[in-house]
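Take a look at the structure below.
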Amino acid sequence: MAQEPVRTAAASRWLFGIAGVLVAFYALNVGLRIAVVKFGASMWRLNDVGEFMLVLAGMVFFVAALIVDEERTAAADAEVESNPTQGGV
């Protein structure tokens with residue numbers, strides 16, 4: 001059972017990382033849109049549907065990471081409760 005929390009911790013980090021990259025791409029796209037409006041630059045950028053899909057995918061990965069992280073902490077808490085300390089009050 002000791003290996004499972006390590007595996008879920010790594011999965012949680014990967015999911016948070018993917019969500020962060022997707023949100024960074026969204027921020028880059030917003031910056032490009034501002035450049036197009038302010039400077040009249042002509043460059044490739046996502047349309048509204050593409051932006052929505054990017055944000056939606058970022059939210060899905062973020063929520064999945066939260067769920068995996070919560071399962072990991074719940075499993076760690078259950079392990080601590082099942083092994084009470086010896087002696088004490």
Side-chain angles (χ1 to χ4, degrees):
M1 255 205 200
Q3 290 295 83
E4 188 175 339
V6 172
R7 201 172 333 141
T8 56
S12 175
R13 281 192 297 269
W14 272 102
L15 291 170
F16 276 127
I18 292 170
V21 167
L22 290 172
V23 170
F25 281 145
Y26 171 73
L28 176 67
N29 189 59
V30 169
L32 290 175
R33 187 170 287 221
I34 290 171
V36 166
V37 170
K38 277 196 167 226
F39 307 118
S42 175
M43 59 185 73
W44 182 87
R45 58 184 170 73
L46 293 173
N47 59 7
D48 292 337
V49 175
E51 280 185 1
F52 168 73
M53 296 303 288
L54 197 60
V55 170
L56 181 65
M59 285 189 291
V60 166
F61 278 101
F62 184 77
V63 169
L66 287 177
I67 291 170
V68 168
D69 195 45
E70 179 63 29
E71 288 174 358
R72 182 179 60 86
T73 55
D77 289 344
E79 186 176 315
V80 168
E81 288 177 7
S82 67
N83 297 325
T85 58
Q86 305 262 332
V89 179

Remaining members of hydrophobic cluster (4.5 Å side-chain criterion), Leu66 = Phe16, Phe62
Shortest non-hydrogen contact between Leu15 and Ala65, atoms and distance = CB-CB, 3.5 Å
Could you list the donor-acceptor pairs under 3.5 angstrom formed between side-chain atoms of residues 24-41 and any protein atom two or more places apart in sequence or on another chain?
residue, atom, partner, partner atom, Å
Asn29, OD1, Leu46, N, 2.9
Asn29, ND2, Glu51, OE2, 2.7
Arg33, NH1, Asp48, OD1, 3.2
Arg33, NH2, Leu46, O, 3.0

Note: Ser12 and Asp69 closest approach over all heavy atoms is OG-CB, 3.6 Å
Taking the hydrophobic residues Ile, Leu, Val, Met, Phe, Trp and Tyr, and joining any pair whose side-chain heavy atoms are under 4.5 Å apart, which ones share a cluster with Val63?
-> Ile67
Other than Val23, what residues sit in its cluster of Ile, Leu, Val, Met, Phe, Trp and Tyr side chains whose heavy atoms are under 4.5 Å apart, directly or through others?
-> none
Hits for side-chain hydrogen bond (donor to acceptor under 3.5 Å, both in side chains) against Asn47, two or more places apart or cross-chain, chain-then-number order -> none
Quick one: side chain to side chain donor-acceptor pair (under 3.5 Å) pairs with a partner in residues 14-25, sequence neighbours left out?
-> none
Closest heavy-atom pair, Gly58 versus Ala19, reported as atoms and distance to 0.1 Å, is O-CB, 3.6 Å
